[in-house]
Each structure stands twice: as C-alpha cells, then as structure tokens.
Amino acid sequence: MLEALIVVMTVLAMEGVSILAHKYVMHGFGWAWHRSHHEPRRGWFELNDLYALVFAALAIALIAAGTAGAYPLQWIGAGMTLYGALYFIAHDGMVHRRWPLRYLPRRGYLKRLYQAHRLHHAVGGREGCVSFGFLYAPPVARLKRQLRRNESRPPSERQ
Ligand SMILES: [Zn+2]
Ligand SMILES: [Zn+2]
C-alpha cells in the first residue's frame with residue numbers, strides 16, 4: 001500500500017519536475033537538444049529523445065539502488081518508469097503520432113491535453129511558448145489568451 005502511494009506521488013512529482021525542466025532547461029540552456037522537437041523530424045529519432053534517456057537511466061539507477069537495499073528508491077524508480085510510459089503514450093503517441101495508431105480525442109481531459117500541447121508547438125521556436133506540462137494541461141482558452149498576449153510583447157517580456 002505504501003509502495004503504491006510512493007509510485008503515485010512520484011508520478012505527480014515527475015509532472016511538476018517535467019514542467020519546470022521543460023520551461024527552464026529545455027527552453028533554456030538545454031535548447032540544443034530540445035530544438036529538434038520543435039522542428040520537423042527526420043527519421044525515427046530526434047535529439048530531444050536524449051532527455052527521455054537521461055530520465056530512464058536515472059530510473060534504472062534508482063531501481064538498482066533500491067533492490068540493493070536502499071529502500072524505497074526502487075519504488076521512486078518505478079514511479080519514474082510509469083511516468084515515462086504515460087509521457088510516451090500521451091505525448092509521443094497521441095499528440096505527435098510517433099506510432100501507426102491514430103487516436104484523436106474528441107472531448108474531455110485528453111482533448112484538452114492534445115490541444116494544449118498543439119498550442120505549445122504553435123509558436124515555432126524557443127520564446128513565447130505556452131503549456132509546458134505533458135500530462136497536465138491548463139484550460140485551452142487561457143492558453144490562447146496567453147499566446148495572443150505574448151505575440152504583442154517584445155521577446156524579453158514573454159512568459
Ligand atoms: Zn518545448
Ligand atoms: Zn511535443
């Protein structure tokens with residue numbers, strides 16, 4: 001029971017970590033890797049996939065440490081792995097269609113998540129983007145307002 005709680009809490013925490021990392025690292029000094037994700041993809045992979053590999057390596061290290069005795073790190077690693085799977089299904093699969101399965105959500109949470117991430121890619125660059133979450137999405141109307149505001153501002157004042 002405690003282990004299940006750790007896994008769930010880790011998934012929630014990972015979304016928070018991902019929003020911050022996406023906003024301040026990937027759209028900041030880590031843009032060199034992330035840029036590939038904001039450009040048309042050539043082939044199967046993009047440099048941005050290295051971020052997923054870094055998180056996967058971290059999860060493997062935690063699981064190894066936990067099973068070697070450092071309880072409960074393996075459950076944090078399991079939560080990170082679950083988050084990675086959800087990210088892959090929602091972001092890579094549903095939004096970017098990196099697999100042959102096509103699913104376009106027509107209502108509810110998944111539709112909002114889909115539209116919000118489409119709006120993240122609407123700007124076409126590093127500055128002035130909105131919606132940095134992968135599993136959480138702010139209301140689409142708010143994002144559209146934010147995009148309109150950003151367009152009318154100089155880049156230094158955009159958020
Ligand atoms: Zn981005
Ligand atoms: Zn994306």
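Read the numbers this way: they start at 1 and go in the same order the structure lists the ligands and their atoms.
- A donor-acceptor pair under 3.5 Å is formed between the side chain of E15 and the backbone N or O of Y136.
- The closest side-chain donor-acceptor pair between H91 and H37 falls under 3.5 angstrom.
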For residues 56-79, run the donor-acceptor check on the side chains, cut-off 3.5 Å, and write out each pair with its distance to 0.1 Å, sequence neighbours left out.
{"residue": "T67", "atom": "OG1", "partner": "I63", "partner atom": "O", "Å": "2.7"}
{"residue": "T67", "atom": "OG1", "partner": "A64", "partner atom": "O", "Å": "3.2"}
{"residue": "Y71", "atom": "OH", "partner": "E3", "partner atom": "OE2", "Å": "2.8"}

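- Taking the six-membered ring where the residue is Trp, H121 and H96 present perpendicular rings, their angle passing 60° and hence far from 30°.
- Within the 4.5 Å cutoff, the side chain of Q115 has no heavy atoms near those of the L119 side chain.
- Here the angle at the Zn ion (ligand 1) defined by NE2 in H34 and NE2 in H22 stands at 90°, rounded to 10 degrees.
- Screening E127, R126, H38 against H27 for a side-chain hydrogen bond (donor to acceptor under 3.5 Å, both in side chains) leaves a single residue, H38.
- Near-neighbour remark for the Zn ion (ligand 2): protein N, O or S atoms under 2.8 Å are H37 NE2, H91 NE2, H96 NE2, H117 NE2, H121 NE2; waters not counted.
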